[in-house]
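All residue numbers in this chain count up from 1 along the given sequence. Both backbone and side-chain heavy atoms feed into the values below; hydrogens, waters and symmetry mates do not.
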Amino acid sequence: MSSVALHQAEPTAGTTPGTTRGPARRRRIAPVPTLTLLLGALYCLLPVAWVVIASTKSGSELFSTFTFWPGSGFADNLSDLGAYRDGVYWQWMGNSALYAGLGALLSTCVSAVSGYALAVYRFRGRETLFNVLLAGVLMPPVILAVPQYLLLAKADLTDSYLSVLLPQILSPYGVYLARIYAAAAVPADVVEAGRMDGAGEWRIFTRVALPMMVPGLVTVFLFQFVAVWNNFLLPYIMLSDDEKFPITLGLYTLLEQGANTPALYTLVITGAFLAVFPLVALFLVIQRFWSLDLLSGAVKS
């Protein structure tokens, strides 16, 4: 009798103890949020689809065929773009890579040191300094462009690579993210343990705190790289030599010339299409590194 009762009390396969077998519950899809996300995705992807398709069209096909019908001139567009002014487009791409890569790297380093100091150390005026940085986050870049130009003009640095690089080094938003992440990822006990072991402050930062902050710093680097790569106003004000232009300003000059030479429209569209690839590639590479670093941090902890 007891064996029969015990047999009946055992849970069946695929169920958990204390629950009864029943029909599987289907996930309900909320129609309004789903529709909103689909419309948002369509709004964001439609211009990208237009650029991709338009870059395949020749000058005659661009204005005579259906908007979303592919053309047959992509290879010719690439050839003409590379041959335009002895390959100045690729020089613009190289300039953008220099501005965005070096600027984002230096900005990430400054943000890491500043954010760590604001999160770990207690000193007079810390909160006031942090509030000033927050005010910088809320301030539009267009307000700072003219004062930055006047300062660099006094130092005779306008129309140089440094005139675009130097204003990008300090990112208030990057410092803010670094401080928030350092406060959450670097325990105070770990810092105190390093001090008790005789390690200096710089050694604690580079050997202990910095590896813990890497996922947050990757985010800072990605945001700053995208911001510098897409920046237009600062190079437009600072630079006059078109050989130092980034890709945004270079394509703008091509677009202005296209008003008198319609054949340049295909070069502008093809150049805009190619300019997206470095951002996509960087995001994919950093996303993989970001995921692996978060996973390794979870395993270590």
Side-chain angles (χ1 to χ4, degrees), residues 99-158 162-228 231 233-234 237-238 286 290 293-294 297-298 300-301:
Y99 295 140
L102 185 57
L105 181 62
L106 294 176
S107 178
T108 304
C109 294
V110 173
S111 298
V113 176
S114 305
Y116 173 79
L118 290 172
V120 173
Y121 298 116
R122 303 291 185 267
F123 54 89
R124 181 177 299 178
R126 185 185 69 157
E127 294 302 326
T128 303
L129 180 59
F130 185 65
N131 291 333
V132 171
L133 285 172
L134 288 181
V137 173
L138 301 176
M139 189 172 296
V142 65
I143 298 178
L144 301 176
V146 174
Q148 288 170 348
Y149 173 80
L150 296 177
L151 288 174
L152 292 173
K154 286 290 185 180
D156 197 21
L157 290 176
T158 55
L162 289 177
S163 63
V164 180
L165 278 173
L166 290 179
Q168 309 290 344
I169 293 179
L170 179 60
S171 171
Y173 187 62
V175 175
Y176 168 76
L177 286 181
R179 184 202 173 173
I180 297 300
Y181 197 86
V186 182
D189 296 340
V190 175
V191 177
E192 290 298 331
R195 291 169 180 168
M196 293 178 63
D197 290 339
E201 297 297 329
W202 181 252
R203 186 178 181 87
I204 294 174
F205 170 69
T206 56
R207 297 297 181 89
V208 178
L210 193 59
M212 298 179 180
M213 295 172 59
V214 165
L217 297 180
V218 168
T219 305
V220 173
F221 178 85
L222 178 61
F223 284 172
Q224 191 66 5
F225 187 96
V226 174
V228 178
N231 194 5
L233 181 62
L234 184 65
I237 293 176
M238 294 292 182
I286 284 186
W290 193 9
D293 193 82
L294 287 174
K300 291 177 183 178
S301 62

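Residue pairs meeting the salt bridge (charged side-chain N to carboxylate O under 4.0 Å, His left out) criterion with at least one member in residues 211-227: none, sequence neighbours excluded. Here salt bridge (charged side-chain N to carboxylate O under 4.0 Å, His left out) pairs that include residues 138-153, with residues two or more places apart or in two chains, number zero. Every pair tested for side-chain hydrogen bond (donor to acceptor under 3.5 Å, both in side chains) that includes a residue from residues 145-157 fails, sequence neighbours excluded, so the list is empty. Legend: side-chain hydrogen bond (donor to acceptor under 3.5 Å, both in side chains) pairs involving residues 121-137, not counting sequence neighbours, sorted by first then second residue: Tyr121-Glu201, Glu127-Arg179. Residue pairs that meet the side-chain hydrogen bond (donor to acceptor under 3.5 Å, both in side chains) test with at least one member in residues 104-120, sequence neighbours left out, do not exist here.
A heavy-atom distance below 4.5 Å is not found between the side chains of Phe225 and Ile286.
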Quiz prompt | Worked verdict on Leu118 versus Leu133 for side chain to side chain contact (heavy atoms under 4.5 Å, CB included) | solution = CA-CA 11 Å; Leu118 290 172; Leu133 285 172; 3.8 Å; yes
Quiz prompt | Leu170/Val110 under side chain to side chain contact (heavy atoms under 4.5 Å, CB included): CA gap, chis, key distance, verdict | solution = CA-CA 7 Å; Leu170 179 60; Val110 173; 4.2 Å; yes
Quiz item: When you look at Val220 and Tyr181, which way does the side chain to side chain contact (heavy atoms under 4.5 Å, CB included) test go after all the steps?
Solution: CA-CA 10 Å; Val220 173; Tyr181 197 86; over 6 Å; no
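Of the inter-residue distances, the one linking Leu234 atom CG with Leu152 atom CG reads 8.0 Å to the nearest 0.5 angstrom. With rounding to the nearest 0.5 Å, the separation of CG in Leu210 from CG in Leu217 is 6.0 Å. Put simply, CG on Leu157 and CE on Met238 are 9.5 Å apart, with the number rounded to the nearest 0.5 Å. In this structure, Leu129 CG and Phe123 CZ are separated by 6.0 Å, a value rounded to the nearest 0.5 Å.
Counted within 6.0 Å of CZ on Arg195, heavy atoms from surrounding residues, nucleotides or ligands total more than 12; the atom is thus considered enclosed. Environment of CZ in Phe205: crowded, with over 12 heavy atoms of neighbouring residues, nucleotides or ligands closer than 6.0 Å.
Closest of all the heavy-atom pairs between Pro211 and Thr206 is CD-O, 3.6 Å. Contact detail for Phe221 and Gly101: the closest heavy-atom pair is CE1-O, 4.0 Å. Taking every heavy atom of both residues into account, Ser163 and Thr158 meet most closely at CB-CA, 4.0 Å. For the residue pair Ala182 and Ala119, the shortest heavy atom distance occurs at CB-CB, 3.9 Å. Minimum heavy-atom separation, Leu144 to Met139: CD2-SD, 3.5 Å. Between Ala178 and Met213, the shortest heavy-atom distance links the atoms O-CE, 4.1 Å.
Scored by the side chain to side chain donor-acceptor pair (under 3.5 Å) test, Ser171 finds Gln224 as partners (sequence neighbours excluded).
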